[in-house]
**Student:** 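Following this message is one structure expressed as C-alpha cells.
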Amino acid sequence: MKNNNRFCKALSVMLAMVTMISAMAIPVGATEYETYISRGIKNVSYCKTTFTWTVNSRISITDSSAYQITSGINIDKGGTYRRYANGLEHEWAAVTESILGLSIKGIVFGITVSYEDIVELYNSGGASVEWD
C-alpha cells in the first residue's frame with residue numbers, strides 16, 4: 001500500500017511539472033496595434049496611411065502591414081514598403097505623391113512631388129514619424 005501511495009505522489013508531482021512547463025510554452029495571446037499618418041486636407045487633397053502590427057506575449061513584433069487611402073484631387077498614393085524589421089521594431093516608408101499641375105485619366109501635365117515619410121512601429125505599441 002505504501003508503494004502505491006509513493007507512486008501516486010510521484011505521478012502527481014510529475015504531472016504538475018509537465019503542466020507548468022507546458023503553460024510557459026504556450027503563448028497567452030497577441031495584441032494588435034494600429035496607427036496612421038496623413039498628408040493634405042481631407043476630401044480636397046488627402047492621403048492617409050494606416051499601419052497595423054501584432055505583438056505576441058513575449059513582447060516582440062510578429063507581423064506588420066500598411067495600406068493607403070486617398071481622396072480629392074492632385075494626390076496619389078505612392079505606396080508603402082517595409083525598410084527594416086526585427087522583434088523590437090519595424091520601420092516603414094510611406095510615399096505620397098502630390099501633383100503640381102493637372103492629371104487627366106492618369107496622364108500628368110505638370111510635375112509630381114514625392115514625400116517619403118518614415119514610420120517606426122515599436123513592440124510597446126508606440127510609433128514615431130520622421131516627416132520628409
Side-chain angles (χ1 to χ4, degrees):
M1 197 73 153
K2 280 188 175 184
N3 286 340
N4 195 17
N5 283 340
R6 285 184 186 168
F7 177 74
C8 288
K9 285 182 183 181
L11 184 61
S12 297
V13 169
M14 285 176 43
L15 288 174
M17 289 174 56
V18 168
T19 303
M20 286 177 27
I21 291 169
S22 66
M24 287 188 284
I26 299 171
V28 174
T31 305
E32 188 170 294
Y33 296 99
E34 182 176 291
T35 191
Y36 71 92
I37 61 171
S38 61
R39 282 194 169 269
I41 301 169
K42 199 169 189 176
N43 297 326
V44 176
S45 183
Y46 180 77
C47 182
K48 177 181 177 180
T49 308
T50 303
F51 302 90
T52 57
W53 67 104
T54 305
V55 177
N56 70 9
S57 62
R58 299 232 168 112
I59 314 300
S60 64
I61 299 175
T62 57
D63 188 31
S64 65
S65 62
Y67 66 92
Q68 293 179 308
I69 298 173
T70 59
S71 67
I73 58 171
N74 293 349
I75 194 93
D76 195 13
K77 47 188 167 184
T80 60
Y81 62 94
R82 189 164 53 192
R83 293 172 35 134
Y84 174 78
N86 68 21
L88 300 178
E89 67 182 22
H90 284 195
E91 184 176 278
W92 282 85
V95 180
T96 304
E97 296 177 346
S98 182
I99 302 163
L100 302 175
L102 182 63
S103 173
I104 301 173
K105 295 186 179 182
I107 300 171
V108 177
F109 301 99
I111 61 170
T112 301
V113 179
S114 292
Y115 301 97
E116 185 173 293
D117 304 316
I118 307 302
V119 178
E120 290 185 17
L121 311 173
Y122 301 110
N123 65 337
S124 63
S128 64
V129 181
E130 182 183 318
W131 297 99
D132 187 10

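The structure presented is a predicted model; accordingly, all values stated were derived computationally and were not measured. The chain is numbered in sequence order, starting from 1.
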**Student:** Is Ile118 reachable from Trp92 through a run of hydrophobic residues whose side-chain heavy atoms are each under 4.5 Å from the next?
**Tutor:** no
**Student:** To the nearest 0.5 Å, what is the distance between CG (Asp63) and NE2 (His90)?
**Tutor:** 7.5 Å
**Student:** Give, for atom OG1 of Thr54 and atom CD1 of Ile61, the distance between the pair rounded to the nearest 0.5 Å.
**Tutor:** 9.5 Å
**Student:** With distance as the sole test, does Glu97 use its side chain to make a donor-acceptor pair with the main-chain N or O of Ser114 at under 3.5 Å?
**Tutor:** no
**Student:** What pairs meet the salt bridge (Lys or Arg N to Asp or Glu O under 4.0 Å) rule with one or both residues in residues 110-119, with sequence neighbours excluded?
**Tutor:** Arg39-Asp117, Arg83-Glu116
**Student:** Just by modelled atom types, is the Tyr67 backbone N or O under 3.5 Å from a matching donor or acceptor in the Thr50 side chain?
**Tutor:** no
**Student:** Just to verify, what does Tyr46 make a ring pair (Phe, Tyr, Trp, His ring centres under 6.0 Å) with, not counting sequence neighbours?
**Tutor:** none
**Student:** Going by the salt bridge (Lys or Arg N to Asp or Glu O under 4.0 Å) test, which pairs reach into residues 120-132, not counting sequence neighbours?
**Tutor:** none
**Student:** Less than 3.5 Å apart, any donor N or O on the side chain of Thr52 or Glu34 sitting next to an acceptor on the other?
**Tutor:** no
**Student:** OG1/Thr35 to OH/Tyr122 distance, rounded to the nearest 0.5 angstrom?
**Tutor:** 12.0 Å
**Student:** Over all heavy atoms of both residues, which pair between Ala94 and Phe51 is shortest? Give the atoms and the distance, please.
**Tutor:** CB-CZ, 4.2 Å
**Student:** Quick one: pull up CD in Glu89 and CG in Leu121 and give me the separation to the nearest 0.5 Å.
**Tutor:** 9.0 Å
**Student:** What are the two closest heavy atoms between Asn123 and Gly87, and how far apart are they?
**Tutor:** CB-O, 3.9 Å
**Student:** Counting neighbours of OH on Tyr36 that are heavy atoms of other residues, nucleotides or ligands and sit closer than 6.0 Å, is the number greater than 12?
**Tutor:** no
**Student:** Determine whether Leu100 and Ile73 fall in the same hydrophobic cluster, where Ile, Leu, Val, Met, Phe, Trp and Tyr are linked whenever their side-chain heavy atoms lie under 4.5 Å apart.
**Tutor:** no
**Student:** Could you state the interatomic distance from NZ (Lys42) to CD1 (Ile69), rounded to the nearest 0.5 Å?
**Tutor:** 9.0 Å
**Student:** Looking only at non-hydrogen atoms, find the nearest pair between Gln68 and Gly79 and report the distance.
**Tutor:** OE1-N, 2.9 Å
**Student:** Could you tell me which non-hydrogen atom of Trp53 sits nearest to which non-hydrogen atom of Ser64, and how far apart they are?
**Tutor:** CB-CB, 3.7 Å
**Student:** Just by distance, do the side chain of Ser71 and the backbone of Asn43 share a donor-acceptor pair under 3.5 Å?
**Tutor:** yes
